[in-house]
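Scroll down for the structure; my scribbles are underneath it.
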Amino acid sequence: MSHFPGDFRRPESAKSRLKDLLLQIDNQLCADCGAPDPKWASANIGVFICLKCSGVHRSLGTHISKVLSITLDEWSDDEIDAMIEVGGNGSANAIYEAFIPDGYTKPGPSASHEERSNFIRSKYELQEFLKPSLRIVSNNSSKSSEEPSYFQEIADSFRSSNSSKKSPQEGMVEFMGLLKVKVIKGTNLAVRDVKTSDPFVTLTLGQQTAKTMVIKSNLNPIWNEELMLSVPLEYGPLKLQVFDHDMILSNDLMGEAEIDLQPMITSAIAFGDAEMLENMQIGKWLKSDDNALIDDSAVVIVDGKVKQEVSLKLQNVESGEVHLELEWIPIDQ
């Protein structure tokens, strides 16, 4: 049974419904630190958050918090329905912060990464501030009138984290920005089945991995799929691998390459706020015998965004190219 007015269910575009929810007063501040004008959300928790808090949410894993950009990502109707069902930051915080100890101070917008991370992990991963009866929910338990169904659904999404042995400090990483990678297409990929392959791409940066959908029976696949990764302060190369999907045996490698992020990130930081600058080239990653570039790759500002088109010749394989577009999103955007 719905606990919300029927006008949320009227036929509207997904973006319009999300915008209406964001306009609610409770949702105009980050649910975790109170920073104004949050541009990100945890779709499965149902809260709007700022970019700095979104980096911590990403480090929790998508089984706890699935982070989406309000403006950059495509939202499904189910994801928006879930946000509306929760009711926004006020309703969610009434659950997740119900038992904050007396004298405990939430982090503010200027809090350090350590303070922010400790609080968010305690709030969502360790569930330290939840009503005790919601911390462990049985699938067979009956729903009482004091605990609406969506409260239990939220608690359910975190039960898997109870088995984790990590402390709040373990694995804590500070992020400097986000990398949006559009995997455009592959060309002349290697055959791994009888006559063709079922390729997909994985991207790995530090401990994070993202992957595209599988395209069946295609050696020249077109993905046009956008993936998002957080960039830590101490970052290395972005590792790209192409695999042939196998339903029975392990996936077969169809080539790999590394992408040097330093030319893009150092150029972006040096030039500052891209939204204030005209379209121009600000840097370049040069082709050499030591990298997989097909051609030199320019770092440019286009319509206030830092972007870089990258074409790679796959390594350790008989043939194949992959074409990408990178976009740098600084931590304060």
Side-chain angles (χ1 to χ4, degrees), residues 1-58 60-100 106 119-120 123-125 127 129-131 133-135 137 139 141-161 178 180 226 228 333:
M1 178 172 144
S2 175
H3 298 268
F4 300 93
D7 61 343
F8 279 125
R9 300 293 180 179
R10 65 185 184 275
E12 294 180 287
S13 70
K15 286 292 186 182
S16 176
R17 295 171 62 217
L18 189 63
K19 183 178 179 181
D20 287 345
L21 184 62
L22 184 60
L23 290 175
Q24 294 181 16
I25 294 176
D26 287 346
N27 299 331
Q28 294 178 22
L29 298 176
C30 173
D32 296 328
C33 75
D37 195 24
K39 293 288 196 305
W40 300 83
S42 173
N44 53 343
I45 296 175
V47 292
F48 293 95
I49 52 180
C50 68
L51 182 59
K52 290 182 179 179
C53 288
S54 77
V56 181
H57 276 254
R58 285 179 182 278
L60 300 179
T62 55
H63 66 292
I64 294 179
S65 184
K66 181 180 180 181
V67 179
L68 294 174
S69 166
I70 297 169
T71 57
L72 299 174
D73 289 321
E74 291 297 324
W75 287 66
S76 69
D77 287 337
D78 287 344
E79 288 165 342
I80 293 177
D81 285 343
M83 293 286 295
I84 292 172
E85 182 72 9
V86 172
N89 291 356
S91 297
N93 281 348
I95 303 167
Y96 288 109
E97 299 179 4
F99 283 77
I100 289 183
K106 284 181 62 173
F119 175 74
I120 290 172
K123 181 177 176 179
Y124 301 112
E125 183 178 38
Q127 307 174 39
F129 312 136
L130 271 177
K131 183 178 178 181
S133 62
L134 290 178
R135 291 176 188 168
V137 182
N139 287 333
S141 63
S142 60
K143 298 181 173 80
S144 70
S145 60
E146 294 181 354
E147 296 176 4
S149 62
Y150 64 92
F151 284 15
Q152 295 194 13
E153 290 168 4
I154 295 171
D156 282 342
S157 71
F158 295 103
R159 262 184 296 152
S160 61
S161 70
L178 297 173
K180 183 178 180 181
E226 293 178 346
M228 194 85 75
Q333 183 166 324

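Source: prediction; values computed, not measured. Below, each value reflects all heavy atoms present in this structure, side chains not excepted, and no hydrogens, waters or symmetry copies.
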Requested in this report: Could you please spell out the steps behind the side-chain contact (heavy atoms from CB on, under 4.5 Å) verdict for D77 and R17?
Outcome: CA-CA 9 Å; D77 287 337; R17 295 171 62 217; 4.2 Å; yes
Please report the closest heavy-atom contact between [X] and [Y], naming both atoms and the distance.
X: C50; Y: A35; answer: CB-CB, 4.0 Å
X: D32; Y: C53; answer: CB-SG, 3.8 Å
X: E74; Y: E79; answer: O-OE1, 4.2 Å
X: V86; Y: S91; answer: O-CB, 3.1 Å
X: A41; Y: M83; answer: CB-CE, 4.0 Å
X: S65; Y: H57; answer: OG-ND1, 2.7 Å

Requested in this report: Apply the test side-chain contact (heavy atoms from CB on, under 4.5 Å) to residues I45 and K123: give CA-CA distance (whole Å), side-chain angles for both, the deciding distance (0.1 Å), then the verdict.
Outcome: CA-CA 11 Å; I45 296 175; K123 181 177 176 179; over 6 Å; no
Query raised in the report: Got a sec: does the CG of L23 have more than 12 other heavy atoms crowding it under 6.0 Å?
Result: yes
Quick one: does [X]'s side chain have a donor or acceptor within less than 3.5 Å of a partner on [Y]'s backbone?
X: N44; Y: I64; result: yes
X: N89; Y: V47; result: no
X: N27; Y: L21; result: yes

First locate atom [atom1] of [X], then atom [atom2] of [Y], and finally report the distance between them rounded to the nearest 0.5 Å.
X: C30; Y: D37; atom1: SG; atom2: CG; result: 11.5 Å
X: S69; Y: L178; atom1: OG; atom2: CG; result: 8.5 Å
X: I120; Y: I49; atom1: CD1; atom2: CD1; result: 7.0 Å
X: W75; Y: D81; atom1: CH2; atom2: CG; result: 11.5 Å

Query - side-chain contact (heavy atoms from CB on, under 4.5 Å) between L51 and K39, intermediate numbers included - result: CA-CA 7 Å; L51 182 59; K39 293 288 196 305; over 6 Å; no
Report task. Give the C-alpha distance, both sets of side-chain angles, the deciding distance and a yes or no for side-chain contact (heavy atoms from CB on, under 4.5 Å) between F48 and Q24. Result -> CA-CA 11 Å; F48 293 95; Q24 294 181 16; over 6 Å; no
Query raised in the report: Is there a side-chain contact between R58 and W40, using heavy atoms and a 4.5 Å cut-off?
Result: yes
